[in-house]
Amino acid sequence: MTESLHELFPNSEKQNKTKPMKSVSAVASQTYASYLINSLRNSSTLKSVSSVHSRLLKAGGIAGTTTVNHFINGYVRCGSISHAQQVFDEMSEPNVVSWTSLMAGYVDAGQPDRAVLLLRAMPMHGVEPNPFTISTAINACSQLAQVRIGMELHARIESLGMQSDVVASTALVNMYGKANNVDDARKLFDGMAERNLYTWGTMICVYAQNACCNEALCLFKKFSMMMRPNHFILSSIVNACSGLGSFGPGRSVHAAVIRLGHDRNDVIAGGLIDMYAKCGSIDYSRVVFAQISAPTLIPYTSMIVSAARHGLSHLSFSLFDEMLDRGIRPNSITLLGILHACSHSGLSDAGLDFLKSMHRSYGISPGAKHYTCAIDMLGRAGRLEEALGLACRNDFSGHDGLMLWSVLASAARMHGRLDVMAEAGARLAELEPIRDDVAGIYVAMSNAYFSAGEWDGAARVRKEMRRRGVRKVPGCSWIEVKDLVHVFYAGNMATCPRKEELVRLLRELEKKIIEGIGYRSSLSRNVEFDDEGFGEEGIIVGIHSEILAMAFGILSFPKGSKIRIMKNLRMCVECHMVFKLVSKIEGREFVVRDLNRFHHFKDGDCSCGDFW
DNA sequence: GTAGGGTTAG
């Protein structure tokens, strides 16, 4: 551009040394080039990016490195890493931004190893990494779960004198968070001299993704006093609220989302759908979904998964059809949601057909999660042989394997198949150290051996539990009344609020159940009151926490309002029966979330159709 | 011009 100016105006430098005059055509072509580059920002499809690219090439405006970098970013944004690489390869002198953009592209494309290779190659081409490069490389390490390389980069940051750089440090906070090392992430965050919007957002996200929901909310409140949250931060905080399983914070965050004008954002809408469903209100999820004018894959998937979780399989199926009709391609999670819906409605044959046709119909091969879901589906339907066969043909290592075999063990226990349980137990023992989220299966297995009188089997499992340091999680339920959460523990009356009234109510309910239906429930079998109305030291032996929460809910809410209860373990058959009966006797509606799903009790029935 | 967000079986 400068050379052509000199040709046109050989004396231009004399006229104006700092601002050379441009010809009308040069100005016009530069304006056209800027216009095209600007339009690139809004191009999100390969077609639109390559169209702008070819128009600019025709106009001859693609000389500078900065301009070419725009195109690398454009191709990366629309997900075409091969085009980005091609543009990069054609550059005579890619600069640090070109290298970093391409690296970020590989991280986005799920090829973080290529990004690390690029980082290593840069110095050989005479280009030194800057904090953004390091930040991108650290993200690659987070994705690779290669904390070792990440720590090398941490050291390198210090040797390059970048330790006080906000961009590089923020990436480190993210990396430690992704490696589930929340404490180190927070230490780094606290030690930073400078923090920007990204830094705060990253730390809040680290908390949200590591199930530290209260910490996330706490930091968010602190942050909100200083800065205005953007859509990234709102999205993280909505997720943190899903984890709390209580309405209060979720609703105020939803209000903030609307106030700040982000309610049309798809990712946030998906998060809100998920949050309301996890807090027990599929109705609110449906309201959020209905307000989206043209839902994309994200809200559709969130809604399909949420409906399945609440046992509304027909809603999941109809949304799936609607989505396909609109030309939206499902992803592997959408398909998992559909399998889940089949599983929780007892449609095992339909589910199996779906599993088999996934690749043919949608181009997505079933993975560990799909097989586990199908094994669970067959197992709960009593088709243990088929479930075992599927498990053996699709064995996985690591956490995936743990999930798969624990699901089978759980089904075997439910159907009293100690042989299948022994097989699953043996497979579990071969796998990596187990995590808390599947620890419960050992307790269940041991109990199953006990009730079958197989003392050797029980002892074996107990030994394995000790070897692996598995602890039994105490059962608890909680209920939210006027923004206050009340927690109840199995068998423990001592800390119950309004305990005298609670005991009176439980006795009345018990009487009504026996008189009206002739059913001797867990209430009468396990609850032994003394003269004061309490068991020994205020403990009612054996009463499950959700029953206590149910009684408290009846006392706290007027007739006609839904009573929502959360539980940290699965509901047992006895309690499930009691909820059904009480919903009829008292004319009350209950929504109970157990470890895996929701149960809606009304008029003596449950939405799960006793299949869960 | 380069950094971050969602849905995941039991």
Side-chain angles (χ1 to χ4, degrees), chain A residues 37 40-41 64-74 76 95-105 107 129-136 138-139 142 166-171 173-174 177 196-206 208-209 230-239 242 265-275 277 297-306 308-309 331-337 339-340 343-344 367-377 379-380 400 402-404 406-411 437-438 440-441 444 570 594-597 612:
Chain A
I37 290 167
L40 204 57
R41 284 186 229 280
T65 306
T66 306
T67 309
V68 182
N69 286 345
H70 278 295
F71 283 95
I72 296 182
N73 278 313
V76 162
N95 66 8
V96 63
V97 178
S98 329
W99 283 87
T100 308
S101 303
L102 189 66
M103 279 171 65
V107 175
N130 69 9
F132 283 98
T133 323
I134 299 290
S135 164
T136 307
I138 293 170
N139 288 338
S142 311
V166 66
V167 175
S169 308
T170 301
V173 171
N174 185 36
N196 63 18
L197 197 70
Y198 279 85
T199 321
W200 283 90
T202 300
M203 192 62 228
I204 291 170
C205 179
V206 164
Q209 288 180 340
N230 63 8
H231 57 293
F232 287 102
I233 294 178
L234 286 171
S235 164
S236 293
I237 209 69
V238 168
N239 295 332
S242 316
N265 178 297
D266 262 16
V267 177
I268 295 181
L272 286 169
I273 290 168
D274 176 61
M275 185 272 290
L297 173 69
I298 295 172
Y300 264 116
T301 303
S302 300
M303 197 61 227
I304 288 169
V305 170
S306 296
R309 204 196 294 276
N331 67 13
S332 75
I333 309 296
T334 323
L335 303 187
L336 189 61
L339 268 177
H340 191 195
S343 168
H344 281 281
K369 293 183 172 90
H370 303 97
Y371 284 117
T372 305
C373 190
I375 288 162
D376 173 53
M377 176 179 76
R380 277 188 291 105
D400 288 338
L402 283 172
M403 291 306 297
L404 189 139
S406 5
V407 159
L408 188 67
S410 172
D437 53 355
V438 290
I441 195 65
R570 272 181 78 160
D594 72 7
L595 190 62
N596 308 318
R597 60 163 294 156
W612 84 94

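First the proteins, then the strands, lettered A, B, ... as listed; each starts at 1. Source: prediction; values computed, not measured.
- Computed from coordinates, the A:Met275 CE to B:dG5 P distance equals 20 Å when rounded to whole Å.
- B:dA3 has no stacking from A:Phe132 on its base ring, since the centres under 5.5 angstrom apart and planes within 30 degrees of parallel are not both found.
- Contact annotation for A:Asn596: base contact, defined as any heavy-atom pair under 4.0 Å involving a base atom.
- Between A:His344 and B:dG10, a side-chain N or O to OP1/OP2 separation shorter than 4.0 Å is present.
- The shortest distance between side-chain heavy atoms of A:Val76 and A:Ser101 does not fall below 4.5 Å.
- Look at CE on A:Met303: it is 15 Å from C1' on B:dG6, rounded to the nearest Å.
- With B:dG4, B:dT7, B:dG5 as the choices, the nucleotide that has an atom nearest any side-chain atom of A:Thr301 turns out to be B:dT7.
- To the nearest angstrom, P of B:dG5 lies 14 Å from CG of A:Leu197.
- To the nearest angstrom, P of B:dA3 lies 22 Å from CE of A:Met203.
- Using a 4.0 Å heavy-atom distance criterion, A:Gly201 is classed as a base contact.
- Taking only distance into account, the side chain of A:Asn230 never meets the base of B:dG5 through a donor-acceptor pair shorter than 3.5 Å.
- Note: CZ (A:Arg570) to P (B:dA9) measures 13 Å, nearest angstrom.
- The CD1 atom of A:Ile204 lies 11.5 Å from the OG atom of A:Ser235; values are rounded to the nearest 0.5 Å.
- Base contact: A:Val167 has a heavy atom under 4.0 Å from a base atom.
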Exercise. Apply side chain to side chain contact (heavy atoms under 4.5 Å, CB included) to A:Lys369 and A:Ser332, showing your working.
Key: CA-CA 9 Å; A:Lys369 293 183 172 90; A:Ser332 75; over 6 Å; no
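- Comparing B:dA3, B:dG10, B:dT7 by their closest approach to the side chain of A:Val407 singles out B:dG10.
- For A:Arg309 and B:dT7, the shortest distance from a side-chain N or O to OP1 or OP2 is not below 4.0 Å.
- OP1 or OP2 of B:dG6 sits under 4.0 Å from a side-chain N or O of A:Gln209.
- Computed from coordinates, the A:Asn139 CG to B:dG4 C1' distance equals 8 Å when rounded to whole Å.
- In the set B:dA3, B:dG10, B:dT7, B:dT7 carries the atom at the smallest distance from any side-chain atom of A:Ile333.
- Here A:Ile233 lies in heavy-atom contact (under 4.0 Å) with a base.
- At the heavy-atom level, A:Asp266 lies nowhere under 4.0 Å from the strands shown.
- For A:Ser410, whose side chain is taken as the heavy atoms from C-beta onward, the closest listed nucleotide among B:dG10, B:dA3, B:dG5 is B:dG10.
- Using a 4.0 Å heavy-atom criterion, one finds that A:Val97 contacts the bases of the nucleic acid, with or without backbone contacts as well.
- With no hydrogens or angles considered, no side-chain donor-acceptor pair links A:Thr136 and A:Asn139 at under 3.5 Å.
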Quiz item: Does the pair A:Thr334 and A:Leu297 meet the rule for a side chain to side chain contact (heavy atoms under 4.5 Å, CB included), with working shown?
Solution: CA-CA 8 Å; A:Thr334 323; A:Leu297 173 69; 3.7 Å; yes
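- In this structure, A:Ala171 reaches neither bases nor backbone, as no heavy-atom distance under 4.0 Å exists between it and the strands shown.
- Listed by chain and number, the residues in a salt bridge (Lys or Arg N to Asp or Glu O under 4.0 Å) with A:Arg597 amount to none (sequence neighbours excluded).
- Distance A:Leu402 CG to B:dT8 P: 20 Å, rounded to the nearest Å.
- Listed by chain and residue number, A:Thr199 satisfy the side chain to side chain donor-acceptor pair (under 3.5 Å) test with A:Thr170 (two or more places apart in sequence, or in another chain).
- Distances shown here put a side-chain N or O of A:His340 below 4.0 Å from the OP1 or OP2 atom of B:dG10.
- Residue A:Phe232 and nucleotide B:dG4 are classified as a stacked aromatic pair, their ring centres being separated by less than 5.5 Å at an interplanar angle below 30°.
- Residue-level contact check: A:Ile268 touches the bases, meaning some heavy atom is under 4.0 Å from a base atom.
- Contact annotation: side chain of A:Asn130 to base of B:dA3, donor-acceptor pair absent below 3.5 Å.
- Residue contacts shown for A:His370 are absent, as no nucleic acid heavy atom lies under 4.0 Å away.
- Residue A:Asn73 contributes atom CG, which lies 11 Å from atom P of B:dG4 at whole-angstrom precision.
- Of the side-chain N and O atoms in A:Arg597, none sit less than 4.0 angstrom from OP1 or OP2 of B:dA9.
- When heavy atoms are screened at a 4.0 angstrom cut-off, A:Asp594 is found touching no nucleic acid atom at all.
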